[in-house]
There are 2 protein chains.
Amino acid sequence: MPRTIDEAKLFEVVINEWMAHGYGGCTTRDIANIAGVNEATLFRRYGSKAGLFTRAIDHQLADTPLALVCISGDLSTDLLALAEAYMDTYRLYGDVVFRAVQELPRYPEVREAASHFLGNIQKMVQLVLYYQQKGLLRVEHPLLTLTAFIGPIATFLMFARSGLSPEMPPFDVGSHISGFLHGRAE
Amino acid sequence: MPRTIDEAKLFEVVINEWMAHGYGGCTTRDIANIAGVNEATLFRRYGSKAGLFTRAIDHQLADTPLALVCISGDLSTDLLALAEAYMDTYRLYGDVVFRAVQELPRYPEVREAASHFLGNIQKMVQLVLYYQQKGLLRVEHPLLTLTAFIGPIATFLMFARSGLSPEMPPFDVGSHISGFLHGRAE
DNA sequence: GCATAATGCAAGCAGTCACTTGCATTACGG
DNA sequence: CCGTAATGCAAGTGACTGCTTGCATTATGC
């Protein structure tokens with residue numbers, strides 16, 4: 001019975017259970033058991049399930065690889081970094097972005113933490129705007145450009161994970177970027 | 001007390017509640033109340049919640065707009081039809097495809113019906129293969145091409161619905177298709 | 001018109017959920 | 001070494017869940 005619980009492990013378990021079962025589908029009992037913490041302790045420390053999630057999301061996803069994206073000046077370099085950051089985040093936590101976007105309207109209790117985490121999207125929008133102004137990207141609503149770039153990655157990874165299609169190739173980032181920039185017509 | 005219940009309305013309610021709260025999050029009580037059917041009737045007719053969902057998904061999503069996609073011979077025409085079919089399905093039911101893909105591994109009980117519905121994806125794969133063989137699309141794993149085309153649409157619509165970004169423009173299908181075919185580089 | 005079968009209704013059952021409480025136990029700070 | 005505060009433990013609460021049951025009611029097929 002340690003004086004302080006292993007919060008790092010706890011938060012990791014929270015995110016994992018969230019990804020595996022969704023907010024409504026995962027239980028504080030399971031989280032407590034897996035993390036090796038007593039369930040009562042969770043409520044004494046964080047007040048509620050929502051409170052626990054707020055802290056976990058904030059602490060665990062604040063410095064996700066997506067947060068490291070910056071503008072180098074070279075479009076291809078930055079697109080590559082952005083794509084790999086998204087894939088790294090996916091490898092670490094699964095489709096956190098989609099889960100958050102999907103469950104945000106339904107659970108206003110975690111809205112604050114999730115929207116803080118999703119503030120990373122603003123950085124990506126800045127990236128798009130920069131290269132639009134530089135004349136290297138088609139000028140349109142930056143979220144159209146951003147979803148055009150992230151959407152295929154997220155969709156493919158989710159599809160691959162669902163197990164619907166038996167054998168799917170690994171996601172080819174280079175091919176995706178060239179398709180994004182120059183199209184898929186032959 | 002009608003002799004037979006309004007099954008069309010019932011199935012519609014099932015899909016709506018599914019989209020709104022997820023499989024684990026929606027209750028048979030709510031479904032029964034909203035559909036104006038007694039809850040006991042649901043279990044007498046369909047045996048279980050999973051049985052109800054199986055029938056509802058099968059009946060309601062079998063002839064979704066996505067099922068109507070066919071190969072005309074003209075790439076632009078077919079891409080336009082595919083995109084609008086996806087958007088129509090989204091307008092009707094929300095992100096059924098993503099929900100299904102996401103919840104399939106978690107609820108094996110509804111796997112059968114959902115995978116039947118998702119069989120529509122096979123038709124889209126055929127479409128991609130056809131135009132690859134015709135030399136009009138880059139040759140790669142068809143699911144890479146398909147997610148590259150559907151991913152941005154789905155992602156943008158989900159993003160718009162989440163309410164994260166205050167004002168988002170309507171999705172421009174034509175712009176998306178030209179971006180998909182010829183890229184977004186200027 | 002009458003038997004039949006599907007439905008409505010109300011109550012309830014067992015399990016699970018988030019959350020609480022009282023008390024013993026532990027580890028750290030002074 | 002001792003007080004304090006965080007933790008573990010066990011039990012429990014009320015609400016909700018999927019699902020069942022017994023009985024009255026209704027509409028349809030013959």
Side-chain angles (χ1 to χ4, degrees), chain A residues 1-59 99 103 106-114, chain B residues 1-59 99 103 106-114:
Chain A
M1 307 85 184
R3 177 147 173 87
T4 53
I5 62 178
D6 187 347
E7 236 185 2
K9 182 180 178 185
L10 171 63
F11 289 162
E12 198 184 320
V13 171
V14 170
I15 304 296
N16 285 342
E17 289 296 291
W18 183 28
M19 290 306 104
H21 308 291
Y23 181 76
C26 68
T27 75
T28 53
R29 261 184 195 76
D30 283 346
I31 291 174
N33 288 339
I34 298 174
V37 176
N38 197 274
E39 194 187 359
T41 302
L42 295 186
F43 290 95
R44 278 193 275 248
R45 280 180 77 103
Y46 308 104
S48 65
K49 183 181 180 181
L52 170 63
F53 271 70
T54 300
R55 288 282 296 271
I57 295 175
D58 205 32
H59 183 274
R99 267 268 192 254
E103 296 197 331
R106 188 145 55 104
Y107 300 103
E109 324 138 37
V110 266
R111 194 183 181 95
E112 189 189 352
Chain B
M1 305 86 183
R3 176 147 173 88
T4 54
I5 62 179
D6 187 347
E7 236 184 1
K9 182 179 178 185
L10 172 63
F11 289 162
E12 198 185 321
V13 171
V14 170
I15 305 296
N16 285 342
E17 288 296 290
W18 183 29
M19 290 306 104
H21 308 291
Y23 181 75
C26 68
T27 74
T28 52
R29 262 183 190 75
D30 283 346
I31 291 174
N33 287 340
I34 298 175
V37 176
N38 196 275
E39 194 188 359
T41 301
L42 295 187
F43 289 95
R44 278 192 277 247
R45 278 179 79 102
Y46 308 104
S48 65
K49 182 181 181 179
L52 169 63
F53 271 71
T54 300
R55 287 282 298 271
I57 295 175
D58 205 31
H59 183 276
R99 267 265 193 257
E103 296 196 331
R106 188 143 56 103
Y107 301 103
E109 325 136 37
V110 268
R111 192 184 182 94
E112 190 190 351

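Every value quoted in this text rests on a predicted model; they were computed, and no experiment measured them. In the text below, chain A, chain B and the rest are named by the order of the sequence lines, each starting its count at 1.
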State, to 0.1 Å, how close B/Ala32 and B/Leu42 come at their nearest heavy-atom pair, and which atoms those are. CB-CD1, 3.9 Å

Does any residue of residues 7-19 of chain A have a heavy atom under 4.0 Å from DNA chain C, and if so, which ones, in number order? none

Could you state the atom-to-atom distance from CG of A/Leu42 to C1' of D/dA6 in whole Å? 13 Å

Nearest 0.5 angstrom please: B/Asp30 CG to B/Ile34 CD1, how far? 5.5 Å

Rounded to whole Å, please give me the gap between CZ in A/Phe43 and P in D/dG8. 14 Å

Could I get the full list of side-chain hydrogen bond (donor to acceptor under 3.5 Å, both in side chains) partners for B/Glu109, not counting sequence neighbours? B/Tyr23

Applying side-chain hydrogen bond (donor to acceptor under 3.5 Å, both in side chains), which residue pairs with at least one partner in residues 32-43 of chain A are found, sequence neighbours left out? A/Thr28-A/Glu39

Separation of D/dG18 atom C1' from B/Tyr46 atom OH, nearest Å, is 17 Å

B/Gly36 near the nucleic acid: base, sugar-phosphate alone, or nothing, with a heavy-atom cut-off under 4.0 Å? sugar-phosphate

What integer distance in Å separates B/Ile5:CD1 from C/dA6:C1'? 10 Å

Applying side chain to side chain contact (heavy atoms under 4.5 Å, CB included) to B/Arg111 and not counting sequence neighbours gives B/Leu104

Can you list the residues that meet the salt bridge (Lys or Arg N to Asp or Glu O under 4.0 Å) rule with A/Arg99, with sequence neighbours excluded? none

According to salt bridge (Lys or Arg N to Asp or Glu O under 4.0 Å), who are the partners of B/Glu7, at least two apart in sequence or on a separate chain? B/Arg45, B/Arg55

For A/Ser48, which residues count as a side chain to side chain contact (heavy atoms under 4.5 Å, CB included) partner, sequence neighbours excluded? A/Ala50

Enumerate all atom pairs, one protein N or O and one N or O from nucleotides 11-17 of chain C, separated by less than 3.5 Å.
| from | atom 1 | to | atom 2 | distance (Å) |
| --- | --- | --- | --- | --- |
| C/dG12 | O6 | B/Arg29 | NH2 | 3.4 |

To the nearest Å, how far apart are B/Leu52 CG and D/dT20 P? 13 Å

Using a cut-off of strictly less than 4.0 Å, decide whether A/Thr41 has a side-chain nitrogen or oxygen near OP1 or OP2 of D/dT7. no

Given atom CG of B/Asn38 and atom P of D/dT20, what is their separation to the nearest angstrom? 14 Å

Using a cut-off of less than 4.0 Å, is there contact between a side-chain N or O of A/Thr4 and OP1 or OP2 of D/dA6? no

The answer to which of A/Tyr23 and A/Ala40 contacts DNA chain C further toward the 5' end, by nearest nucleotide, is A/Tyr23

Which atom pairs, one a donor and one an acceptor, fall under 3.5 Å between side chains of residues 9-17 of chain A and the rest of the protein, sequence neighbours left out?
| from | atom 1 | to | atom 2 | distance (Å) |
| --- | --- | --- | --- | --- |
| A/Asn16 | ND2 | A/Glu12 | O | 3.4 |

Could you state the atom-to-atom distance from CG of B/Asn33 to P of D/dT17 in whole Å? 11 Å

According to a strict under-4.0 Å criterion, is A/Arg45 in side-chain N/O contact with OP1 or OP2 of D/dT7? yes

If I take atom CD in residue B/Glu109 and atom P in nucleotide D/dG18, what distance separates them, rounded to the nearest angstrom? 11 Å

Quick check for you: among D/dC19, D/dT7, C/dG8, whose closest atom lies nearest to any side-chain atom of A/Arg44? D/dT7

